[in-house]
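Have a look at the structure below before the remarks.
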Amino acid sequence: MSSVQASRGTRDILKPEIYYWQKLESVARRILTHAVYTEIRTPAFESTELFARGIGEATDIVGKEMYSFIDRGDRSLTLRPEGTAGVVRALIEHKLYAQADVQKLWYTGAMFRYERPQAGRQRQFHQLGVEVLGSADPRADAEVIAIASDFLSELGLTELVVDLNSVGNAEDRLAYRQALVDYFTPYADRLDPDSFDRLSRNPLRILDSKHPQTQEIVQAAPSILDYLSPTSQQHFEQVKSLLTDLGIAFRIDPRLVRGLDYYTHTAFEIKSSQLGAQAAVCGGGCYDRLVAELGGPDTPAVGWAIGLERLVLLLQKLDEVKPPALDFYIISRGEQAEPKSLLVAQNIRRAGFRTELDLSGAKFDKQIKRAVTAGARYAVIIGDTEAASGNFQLKDLASGQQQSVTLLELISIASLT
RNA sequence: GCGAGCGUAGCCAAGUGGUUAAGGCAGUGGUUUGUGGUACCACCAUUCGUGGGUUCAAUUCCCAUCGUUCGCCCCA
């Protein structure tokens, strides 16, 4: 086949699937609006430096997954691989922190990473995220988790589990990192190659290796929870107690670490047992150092991102989402009738009814069949006789009853029922 | 980036080294006039993702390539 096809890792979202996306978007919008989070829309590409500095040079995302390019003005740009860096850049650039101590923001949009595509993992994918900037209060952590939890359960998802951990502050992490290096070094030759590599680069990440032999060694590794400073510990305790008060079930996973450098204190993931290897639907945590690292004032922050492709995969396993019900289906055939049908359709639509106009010119039986399949409540049948008289056939598709009515009568009948 | 599987019509799917590539769903036309069901009839892949090779002969075997799926990596 010589026709052009969608690029690897990109896809079109077509009819049945799009209803899930629309549902998820409307639920998200409602919940976030009620929580008084403000939507923010940032560019799909940013200067490469923003991600290199923000996400961390040593991360895989920056190291090998970014869509970077030089534009015609010799600038190095990158399609955003995640949403937080751009939001923080906007916060700093517009000095949003000066308008209010705490900013509560949310975003959704396409992100880009050069990865091996798989179910629920595309090169162009979509995330929904929230960021609370300017509060170190444990309530901020608990609030964002509560919002994620409400959002997911509102969508009807069960079998979700919140995994929770604290990675402490910068000093805690440093001390823990050293402890891990000390622990793993004697086992260095027994680690899998990836983990061996991380020993010097990013030892925390050895913890969530899936390699069986590495896992065995990890079993007895020191726990981050033993390296938390009293303040970090207190913060963590408060988050746990707030979640308990909210009735949000969670389990502590001291081996939960995040892939991005900017995380501190609370780290969490919401996972589904129904997703195979791409189990994490929502991931987030605190990132107290990021704003300062990108040149802004010292600003504590917490947020999460939800992978929408994975969420849609889950939703599709639940109930079927249908398009909104159809009120009218306009059937017409004939030289006088067909032009008239559009006028009728527009009038009914203006009266507030969802109305489909059949443009096929097919025979009446065919069009009526389609009206039934489309789930319409009424069919309006217009032939040349009706077009001339101004009286249309209004057919109730459930009962099969049909009457001859004017446009005004037709609308008032529909309004009454 | 690594390992493995898969790729036949809009969808599902059988198939074999050898004249015309099953079947089902959907679609279209029809069984005389402008009305939903059922039944019946007809039509619907010059071609098996693409390119190359082996062979007298390939959808079938081999190689490459593209896409996709699963796992690793990573992440949401």
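For the numbers below, each heavy atom of this structure counts, side chains included, while hydrogens, waters and symmetry mates do not. Chain letters run A, B, ... following the sequence lines, proteins first, then strands; residues in each count from 1.
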Whether [Y] and [X] form a salt bridge (side-chain N of Lys/Arg under 4.0 Å from carboxylate O of Asp/Glu) is what I want to check.
X: A:R251; Y: A:D163; result: yes
X: A:K340; Y: A:E386; result: no
X: A:K363; Y: A:D365; result: no
X: A:R11; Y: A:E309; result: no
X: A:E143; Y: A:K104; result: yes

Provide the Watson-Crick or G-U wobble partner of B:A4, both distances under 3.5 Å; none if there is no partner. B:U69

Nucleotide paired to B:U28 in any strand shown, Watson-Crick or G-U, under 3.5 Å: B:A42

With a 3.5 Å cut-off and heavy atoms only, can you find an N or O donor on one side and an acceptor on the other between the side chain of [X] and the base of [N]?
X: A:Q402; N: B:U35; result: yes
X: A:R310; N: B:C75; result: yes
X: A:Q122; N: B:A76; result: no

Can you tell me which nucleotide in [options] comes closest to the side chain of [X]?
X: A:R370; options: B:C75, B:U28, B:G36; value: B:U28
X: A:R8; options: B:G34, B:U68, B:A76; value: B:U68
X: A:Q118; options: B:G36, B:G34, B:G71; value: B:G71
X: A:F364; options: B:A76, B:U35, B:G30; value: B:U35
X: A:A305; options: B:U35, B:C73, B:A76; value: B:A76
X: A:Q127; options: B:U35, B:A76, B:C73; value: B:A76
X: A:A280; options: B:G34, B:A76, B:G36; value: B:A76
X: A:K369; options: B:U35, B:C73, B:G37; value: B:G37
X: A:R116; options: B:U35, B:C73, B:G1; value: B:G1
X: A:A119; options: B:U69, B:A76, B:U35; value: B:U69

By the 4.0 Å heavy-atom rule, please label [X] as base, sugar-phosphate, or nothing.
X: A:R113; value: base
X: A:I381; value: base
X: A:G9; value: sugar-phosphate
X: A:K363; value: sugar-phosphate
X: A:L397; value: base
X: A:T385; value: base
X: A:G334; value: nothing

Looking at A:K210, does any N or O in its side chain come under 4.0 Å of the phosphate oxygens OP1/OP2 on B:C72? yes

Hey, does the side chain of A:K366 come within less than 4.0 Å of B:G29's phosphate (OP1/OP2), counting only N and O? yes

Determine the interatomic distance between [atom1] on [N] and the same-named atom on [M]; round to the nearest Å.
N: B:U55; M: B:U65; atom1: P; result: 23 Å
N: B:C73; M: B:U54; atom1: C1'; result: 38 Å
N: B:C75; M: B:U68; atom1: P; result: 22 Å
N: B:C56; M: B:U50; atom1: P; result: 25 Å
N: B:G29; M: B:G36; atom1: P; result: 15 Å
N: B:G3; M: B:A64; atom1: P; result: 12 Å
N: B:G18; M: B:C61; atom1: C1'; result: 15 Å
N: B:U20; M: B:A45; atom1: C1'; result: 13 Å

What is the minimum heavy-atom distance between A:A351 and A:I411, and which atoms define it? CB-CG2, 3.7 Å

Without decimals, in angstroms, what is the distance between [X] [atom1] and [N] [atom2]?
X: A:E131; N: B:A76; atom1: CD; atom2: P; answer: 11 Å
X: A:L160; N: B:A76; atom1: CG; atom2: C1'; answer: 14 Å
X: A:R121; N: B:G1; atom1: CZ; atom2: P; answer: 13 Å
X: A:D192; N: B:C72; atom1: CG; atom2: C1'; answer: 10 Å
X: A:I368; N: B:G34; atom1: CD1; atom2: C1'; answer: 8 Å
X: A:D365; N: B:G29; atom1: CG; atom2: P; answer: 9 Å
X: A:D197; N: B:C72; atom1: CG; atom2: C1'; answer: 15 Å

Six-ring centre of A:Y19, A:K23 cation under 6.0 angstrom, axis tolerance 45°: no

Got a second to check how far A:E82's CD is from A:R113's CZ, nearest 0.5 Å? 7.0 Å

Toward the 5' end of RNA chain B, which comes first, A:I270 or A:R123, by nearest nucleotide? A:R123

Want to settle it: does A:S209 or A:E386 sit nearer the 5' end of RNA chain B, counting the closest nucleotide to each? A:E386

Among A:I348, A:N347, A:L342, whose side chain to side chain contact (heavy atoms under 4.5 Å, CB included) with A:V344 holds? A:I348

